[in-house]
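Note sheet for the following structure.
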Amino acid sequence: MTLLDLWRQTDAIFPELVLAVTLCAIIIIDMMTPLSQTKRRAGSIAFAGLLAAFVVIAMRLENGREVYRSLTFGQMLSHDQLSTFFRLIFLLGAGLTVLLSMRSRETDGYRQGEYFSLMLGSVLGAMLLAASDNIVMFMIGFETLSICCYVLAGFSKHDKVSAEAGLKYMIYGAVTSGIMLFGFSYLYGLGGTLSISGAVTSMATQAAQGQISGWMVFMTLAFILTGIGFKMAMVPFHFWCPDVYQGAPTPVTAFLAIVSKAAGFAALLRVMLPFFQVTSLGSTLSEMGLPIFFGLLSMATMTLGNLVALRQTDVKRLLAYSSIAHAGYLLMGLTVYNHDSLEAIFFYFFIYLFMTLGAFWVVVVLVNRLGGADMSRFKGIAYSAPFLFAAMFVFLISLTGLPPTAGFVGKFMLFKVVMSAGVAHMANGVITPMAAFYFIFALVGMLNSVVSLYYYMNIARIMVFDKPGETGLNESGFDRALAGMLAIPVLGLLYFTPVLDLINITR
């Protein structure tokens with residue numbers, strides 16, 4: 001390898017190097033910072049590092065296309081549209097979470113250098129995971145993300161609920177990671193290479209020649225999906241989600257809802273796209289009912305999340321089940337593999353980031369002032385904090401998927417993909433069984449959106465119509481500014497062309 005090749009490969013992971021240097025700087029500077037100033041100083045450095053990495057990627061969207069369409073470091077990392085888009089999502093979500101963390105009081109009393117360095121370590125792992133085309137690198141990125149998240153969930157060490165959340169998260173995560181690694185051992189054994197795309201190609205050739213059965217491929221996918229489904233909070237691997245979301249510090253909950261979930265979907269797409277792209281294996285899996293398999297997972301995930309959310313009285317726990325339901329909506333795109341389905345998934349993630357972080361921002365402010373996240377504490381907030389209530393109402397409407405918010409556009413694009421697939425499977429105007437499946441699937445998704453309207457609007461009802469509590473709430477200018485900054489895209493991106501242009505640039 002020449003020095004020029006080494007420079008090109010190092011330059012391709014320059015955003016990750018920026019995060020690694022920032023992480024080390026936070027730890028060193030925090031050691032020399034008084035406890036009273038550690039949050040402000042460590043948080044500022046973390047935000048600056050995330051911003052710098054984001055700018056590096058954004059500046060390369062057009063001029064660095066060759067670098068981002070190549071394999072680097074011995075074919076281990078793939079810099080393509082998938083990794084580029086999700087790296088931007090990770091950095092943007094983490095940067096906004098840092099601002100939430102600097103506003104929250106739930107981690108006060110602890111060295112914040114540890115907290116922010118763990119958060120950056122999680123982002124670093126997520127970025128490596130999204131770009132991995134090698135089984136070893138995939139597991140390194142996955143476990144780097146996971147271990148940092150385990151510690152973050154239990155960061156409030158003297159809070160029993162937080163400690164319990166971290167322990168549950170770690171135990172469930174260790175089991176599912178082991179099962180996923182077992183699945184990758186099958187992938188390596190059948191494919192004969194550590195390259196994910198190379199193993200899939202080899203499996204496709206063997207499947208076409210009848211050397212391996214489709215069920216062997218399907219079982220391999222099922223094992224791998226266990227670990228990835230855990231990260232996505234997908235049914236039936238969702239059990240950890242409500243307890244961890246409720247027990248973890250609120251900014252960490254927001255981080256898990258955005259960055260960790262996005263990393264899970266990036267990992268799923270990284271594994272699944274080669275299967276869809278290889279014609280012979282893709283047809284084999286289609287004959288086995290892979291679209292139906294993902295459709296059933298999607299329906300189960302969204303239905304369970306929405307129905308159980310109806311009975312929640314803690315806002316953080318409710319948002320946990322809401323997050324499960326949104327994982328189900330996102331899985332809708334994987335029942336159809338084409339340009340439109342990927343575009344719908346990417347767009348929905350972009351909107352999901354703003355509306356979810358916006359809702360958690362309001363929750364952080366209210367928890368700081370009211371001391372808890374149970375709904376009874378939010379009574380009458382519309383009168384003591386009208387701006388925060390208005391922003392929260394926008395986020396809730398968008399999470400439901402109603403106009404005039406971008407959440408409506410996101411769900412419309414997903415439903416359109418499914419309905420179009422149903423129409424495509426019709427034969428001369430006759431509804432075939434596969435077409436009927438897609439139509440029923442879309443109907444289930446729409447009914448789930450109706451169910452979600454009840455529990456989202458229940459939060460708004462409590463904030464408006466219930467008698468205000470004894471504790472008042474004063475809005476600060478910073479609270480209003482950040483809530484407004486997050487609400488503007490949720491409303492403004494009803495005109496969604498700029499986001500679609502961004503997605504196309506990364507392709």
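On a predicted model such as this, the values are computed, not experimentally measured, just so you know.
- Proximity of a side-chain donor or acceptor of Thr176 to a complementary backbone N or O of Gly227 within less than 3.5 Å is not detected.
- Remark: the Ser452 side chain and the Asn306 side chain contain no N/O donor-acceptor pair separated by less than 3.5 Å.
- Under the 3.5 Å distance criterion, with hydrogens and angles disregarded, a donor-acceptor pair is assigned to the side chains of Asp133 and Ser197.
- Side chain of Ser298 to main chain of Leu331: no donor-acceptor pair is present (N/O by atom type, distance under 3.5 Å, no hydrogens or angles).
- Legend: ring pair (Phe, Tyr, Trp, His ring centres under 6.0 Å) pairs involving residues 441-461, not counting sequence neighbours, sorted by first then second residue: Phe437-Phe441.
- Aromatic rings of Phe293 and Phe218 (six-membered ring for Trp) have centroids within the 6.0 Å cut-off, being under it.
- Partners of Leu453 by side chain to side chain contact (heavy atoms under 4.5 Å, CB included), not counting sequence neighbours, listed by chain and number: Thr400, Leu402, Met457.
- Using cut-offs of 30° and 60° for the angle between ring planes, the His326 and Tyr352 rings count as tilted.
- With a 4.5 Å cut-off on side-chain heavy atoms, Phe86 and Phe346 count as touching.
- Closest of all the heavy-atom pairs between Phe354 and Phe350 is CD1-O, 3.3 Å.
- Applying the salt bridge (Lys or Arg N to Asp or Glu O under 4.0 Å) definition to pairs two or more places apart or across chains, those involving residues 236-260 are Lys168-Asp243, Asp243-Arg317.
- Identified under the salt bridge (Lys or Arg N to Asp or Glu O under 4.0 Å) test for residues 385-404, with sequence neighbours left out: none.
- Residues passing the ring-ring contact (aromatic ring centres under 6.0 Å, His included) test with Phe184 are Phe138, sequence neighbours excluded.
- Residues that satisfy the side chain to side chain contact (heavy atoms under 4.5 Å, CB included) test with Thr303, not counting sequence neighbours, are Leu307, Val444, Asn448.
- Checked against ring-ring contact (aromatic ring centres under 6.0 Å, His included), Tyr188 has no partners two or more places apart in sequence or in another chain.
- Applying the ring pair (Phe, Tyr, Trp, His ring centres under 6.0 Å) test to every pair with at least one member in residues 247-274, sequence neighbours left out, gives these pairs: Phe265-Phe349.
- By the side chain to side chain donor-acceptor pair (under 3.5 Å) test, Tyr169 is found to be paired with no residue, residues two or more places apart in sequence or in another chain being considered.
- Phe182 pairs by the ring-ring contact (aromatic ring centres under 6.0 Å, His included) definition with Tyr186, Phe223, not counting sequence neighbours.
- Listed by first then second residue, pairs satisfying salt bridge (Lys or Arg N to Asp or Glu O under 4.0 Å) with a partner in residues 214-242 number zero, not counting sequence neighbours.
- Looking at residues two or more places apart in sequence or on another chain, you find no ring-ring contact (aromatic ring centres under 6.0 Å, His included) involving Tyr321.
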### Task
Show the numbers, then the answer: is there a side-chain contact (heavy atoms from CB on, under 4.5 Å) between Met355 and Val394?
CA-CA 8 Å; Met355 57 191 184; Val394 170; over 6 Å; no
